Amino acid sequence: MPEQDIRSALLHLQSGRYRDAVDAFLRVAQSASSPAAMRADALSNMAVCYLRVREWKNAAGCAQAAVKLDAAHVDAWFNLGGAQKALGNGLDAMHAFRRVCALRSERLDAWRYRAIVAQSIALWDEAIECWTTVLQKNGDPTAFGGRIECLVQSGRAPVAEQETAAYLARNPEDVLAQYLHALVLSNLQRFDEAWLLAQRLHGNPALDLLSAWVAIHTGKDVAKSMLEKLPESARKHILRLKTARADDLPDLVAQARSWLARPQADPADDLAGLHFQLGRMADDAQKYEAAWGHYTAAHRLLGRVQPYHEAGRQALDTWLHQRPWEAVSPVDYGDPSWIFIVGMPRSGTSLLEQILDQHPAITGTGERHEMQAMAQAFFADGNLDAVREACVTFARKGRDLAPDGRWIIDKMPHNFLYAGMLLHLFPRARVLWCRRDPLDTMVSIWRQHFRGVHPYAHDWDALQDTYRWQETLMEAWRERYPGRITEVRYESIVENLEGTITGVLGWLGEDWDPACERFFENPRKIITASREQVTRPLYRDAVGSGKRYGVNVI
């Protein structure tokens with residue numbers, strides 16, 4: 001009987017006999033006489049068993065089956081989030097933990113895991129929100145640390161400085177307080193102040209690495225010895241390479257390559273970071289074949305933790321062409337109107353935003369995640385009410401961020417997927433489609449160590465497919481919403497900035513402003529991969545740069 005099998009299964013689970021528990025739960029799940037709620041419970045508990053024995057795919061499959069039976073099964077969603085997190089499927093894990101938080105807001109473990117996953121895929125605003133929720137409910141210092149790290153990573157170090165200074169004043173001997181304030185001061189390049197705190201940190205590799213970094217920037221004699229005392233790691237090699245004298249570089253490069261040639265236990269992201277560092281150094285030496293080899297090795301590592309799923313892309317493509325969002329009534333809150341800058345990464349989106357932000361009528365707000373998160377949740381659950389609520393909140397946020405502006409920018413490149421949805425939901429919105437030579441775009445992506453989830457970027461064939469998909473989707477959106485999407489070519493900006501931007505501004509109903517030419521003086525802090533390029537005058541070296549690697553695109 002199902003009830004007897006459930007009792008037996010729970011006893012096996014509590015006693016750590018996970019295989020026996022799985023067999024008993026499976027009988028319940030497959031029993032036609034078991035109520036749907038009981039079958040969902042059995043599947044959720046099967047997921048727990050598989051999580052305990054680290055069989056992540058089986059755990060995810062059981063939890064997914066459970067939520068299909070019972071969409072409000074909190075534990076099943078939580079187990080699904082844990083399994084997807086272990087599999088490296090950050091966005092799927094995020095969706096699951098979001099559901100737990102929505103269904104049962106008191107589940108602090110879900111808020112914590114949601115924060116951790118959001119932080120790992122660079123969803124800084126969401127991570128800050130989640131860490132803040134945990135902090136407010138139980139005052140956990142580690143939650144405060146997570147919040148501060150996300151504030152720093154998202155370019156809000158001045159806010160973090162105020163918070164860490166107050167925290168340190170209350171806890172002057174606390175190691176976490178010292179570390180966090182030193183981290184913030186280091187980010188603000190106030191290294192002398194950071195050193196007063198950093199020299200007191202010791203006993204943890206992360207603390208010691210920060211101390212060495214600060215010592216190097218303050219020119220302390222102990223900097224080199226501090227660095228050499230650290231255990232061997234990818235981050236240590238990166239720091240060595242970044243701070244070495246030119247005469248020492250050949251030996252340090254050889255040491256890093258030799259170290260990488262042996263199996264290492266460092267996180268894949270750290271190992272990939274070292275490959276990217278070596279690749280950039282090979283680029284500087286015009287050793288393009290060696291550089292390409294390091295970039296390829298880096299993506300091979302990242303591809304293991306961010307696998308690309310062609311079936312998932314096809315499912316999303318089918319859904320996008322069905323346009324289910326057209327059942328949602330549009331949102332119109334007046335000025336400011338949203339400008340969505342979209343396109344492939346490395347196609348000039350950051351440069352275009354930095355230029356337009358100089359215009360007095362336009363406010364740039366960087367890569368926002370709200371609309372991407374809304375679209376992903378809608379794809380997963382089809383909740384029309386949640387879509388409109390998210391859009392109303394987003395429109396109000398625009399007023400808060402630019403109360404006197406006529407236009408406000410969301411520069412999330414991957415919104416090319418949802419450009420049609422956004423144009424329907426925001427009838428006054430416009431889309432600027434950034435385009436760049438295909439080879440230059442894809443090579444630039446291949447050379448880049450992205451922070452966040454970019455699974456297509458780790459496979460050269462998948463990268464080409466994604467580029468073509470972007471082109472096809474954007475042409476479809478342009479045909480469906482004539483006059484509301486305009487194309488901006490990176491090469492045109494480089495060759496004729498004033499003429500190109502005058503055309504864009506005219507399309508928006510605005511006049512040219514000479515401040516746009518001085519985009520590199522914009523005080524906004526850029527945290528995307530293009531931060532170095534947009535803080536100096538235009539240069540033409542990147543045009544045609546993809547040809548030097550001897551690769552082709554289909």
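All of these numbers come straight from a predicted model, not from anything done at the bench.
For the residue pair Ser347 / Arg436, no side-chain donor-acceptor distance below 3.5 Å is found, with atom types taken as modelled. Neither side chain, Trp124 nor Glu149, offers a donor N or O lying under 3.5 Å from an acceptor on the other. His237 and Glu232 form a side-chain donor-acceptor contact under 3.5 Å, judged by distance and modelled atom types alone. Side-chain contact of Arg147 with Thr132: a donor-acceptor pair under 3.5 Å is present, judged by distance alone.
Aromatic rings of Phe340 and Tyr418 (six-membered ring for Trp) have centroids beyond the 6.0 Å cut-off, not under it.
Across all their heavy atoms, Val117 and Ser120 have their closest contact at O-OG, 2.6 Å. When all heavy atoms of Leu505 and Asp513 are compared, the closest pair comes out as CD1-N, 4.3 Å. The shortest heavy-atom contact between Trp195 and Ser211 is CZ3-O, 3.9 Å. Across all non-hydrogen atoms, the minimal contact from Ala268 to Leu302 is O-CD2, 4.4 Å. Of all heavy-atom pairs between Gln464 and Asn552, the closest is OE1-O, 4.1 Å. Contact detail for Gly82 and Phe97: the closest heavy-atom pair is N-CZ, 3.5 Å.
Listed for the Asn171 side chain is no donor-acceptor partner under 3.5 Å among the backbone atoms of Asp174. One N or O on the side chain of Glu353 and one on the backbone of Thr365 form a donor-acceptor pair closer than 3.5 Å. Side chain of Glu126 to main chain of Ala118: no donor-acceptor pair is present (N/O by atom type, distance under 3.5 Å, no hydrogens or angles). Looking at Asp270, its side chain never comes within 3.5 Å of a backbone N or O of Ala234 through a donor-acceptor pair. Side-chain atoms of His275 never come within 3.5 Å of backbone atoms of Leu271 as a donor-acceptor pair (strictly under, hydrogens ignored). Checking side-chain atoms of Thr500 against main-chain N and O of Asn496 turns up a donor-acceptor pair under 3.5 Å. Under a 3.5 Å cut-off, the side chain of Ser186 and the backbone N or O of Leu183 do not form any donor-acceptor pair. A distance-only check finds a donor-acceptor pair linking the side chain of Gln178 to the backbone of Pro172 [under 3.5 Å]. In terms of modelled atom types and a separation under 3.5 Å, the side chain of Thr441 and the main chain of Asp437 share a donor-acceptor contact. A donor-acceptor contact shorter than 3.5 Å is absent between the side chain of Tyr549 and the backbone of Tyr288.
Counting heavy-atom neighbours within 6.0 Å of Lys137 NZ, excluding the residue itself, gives a total above 12. Atom CZ of Arg235 has 12 or fewer heavy atoms from other residues, nucleotides or ligands within 6.0 Å. Within 6.0 Å of CD on Glu228 lie more than 12 heavy atoms contributed by other residues, nucleotides or ligands. Heavy-atom neighbours of Asp221 CG from other residues, nucleotides or ligands within 6.0 Å: at or below the threshold of 12.
No side-chain heavy atom of Lys229 sits less than 4.5 Å from a side-chain heavy atom of Lys236. Counting only heavy atoms from C-beta outward, the side chains of Glu367 and Pro413 approach each other to under 4.5 Å. Taking 4.5 Å as the limit, some side-chain heavy atom of Val488 sits within range of a side-chain heavy atom of Ile493. Using a 4.5 Å cut-off on side-chain heavy atoms (C-beta onward), Leu241 and Leu278 make contact. Using a 4.5 Å heavy-atom threshold, the side chains of Ile128 and Gln119 count as separate. Contact check for Leu439 versus Val551: side-chain heavy atoms found under the 4.5 Å cut-off. A heavy-atom distance below 4.5 Å is found between the side chains of Lys411 and Ser350.
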Ile501 vs Leu352, side chain to side chain contact (heavy atoms under 4.5 Å, CB included): CA-CA, chis, key distance, verdict: CA-CA 9 Å; Ile501 301 304; Leu352 180 58; 3.8 Å; yes
Verdict with supporting geometry, Arg200 and Glu173, salt bridge (Lys or Arg N to Asp or Glu O under 4.0 Å): CA-CA 10 Å; Arg200 299 159 61 185; Glu173 302 303 319; 3.7 Å; yes
Derivation of the salt bridge (Lys or Arg N to Asp or Glu O under 4.0 Å) call for Arg280 and Asp283: CA-CA 5 Å; Arg280 285 188 288 270; Asp283 266 337; over 6 Å; no
side-chain hydrogen bond (donor to acceptor under 3.5 Å, both in side chains) between His458 and Gln306, worked out: CA-CA 8 Å; His458 310 314; Gln306 295 184 22; 3.2 Å; yes
Test log, rule ring-ring contact (aromatic ring centres under 6.0 Å, His included), inputs Tyr467 and Tyr456: CA-CA 10 Å; Tyr467 184 94; Tyr456 65 89; over 10 Å; no
Stepwise salt bridge (Lys or Arg N to Asp or Glu O under 4.0 Å) test for Arg156 and Asp125: CA-CA 11 Å; Arg156 285 168 276 189; Asp125 288 342; 2.5 Å; yes
Chi angles and distances behind the side chain to side chain contact (heavy atoms under 4.5 Å, CB included) call for Lys85, Ile116: CA-CA 10 Å; Lys85 177 178 179 292; Ile116 292 169; 3.9 Å; yes
Side chain to side chain contact (heavy atoms under 4.5 Å, CB included) between Gln84 and Asn79, worked out: CA-CA 9 Å; Gln84 297 289 14; Asn79 295 333; over 6 Å; no
Check against side chain to side chain contact (heavy atoms under 4.5 Å, CB included), Asp410 and Phe394: CA-CA 11 Å; Asp410 177 351; Phe394 194 62; 3.7 Å; yes
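Taking CE of Met344 as the reference point, atom CZ of Phe416 lies at 6.0 Å (rounded to 0.5 Å). To the nearest 0.5 Å, the span separating SG on Cys130 from CZ on Arg98 amounts to 8.5 Å. Separation of atoms CG (Leu239) and CG (Leu274) is listed at 11.5 Å; rounding is to 0.5 Å. Here the CH2-OG1 distance, from Trp433 to Thr349, works out to 14.0 Å after rounding to the nearest 0.5 Å. Rounding to the nearest 0.5 Å gives a distance of 13.0 Å between OH of Tyr113 and CG of Leu108. Note that CD of Gln470 and NE2 of His414 are 9.5 Å apart. Values are rounded to the nearest 0.5 Å.
Taking 4.0 Å as the cut-off between side-chain N and carboxylate O, Arg240 and Asp251 do not count as a salt-bridged pair. At a threshold of 4.0 Å, the pair Asp109-Arg107 counts as salt-bridged, since one of the basic side-chain nitrogens sits closer than that to a carboxylate oxygen. Salt-bridge annotation for Glu370 and Lys397: present, with a side-chain N of the basic residue lying under 4.0 Å from a carboxylate O of the acidic one.
The aromatic rings of Tyr167 and Phe144 lie tilted to each other, with the angle between the two planes from 30° to 60°.
Taking the ring centre of Tyr490 as origin, the terminal cationic atom of Arg435 falls outside the region bounded by 6.0 Å and 45° from the ring axis.
The only option from Trp446, Phe450, Tyr308, Trp292 that meets the ring pair (Phe, Tyr, Trp, His ring centres under 6.0 Å) definition with His299 turns out to be Trp446.
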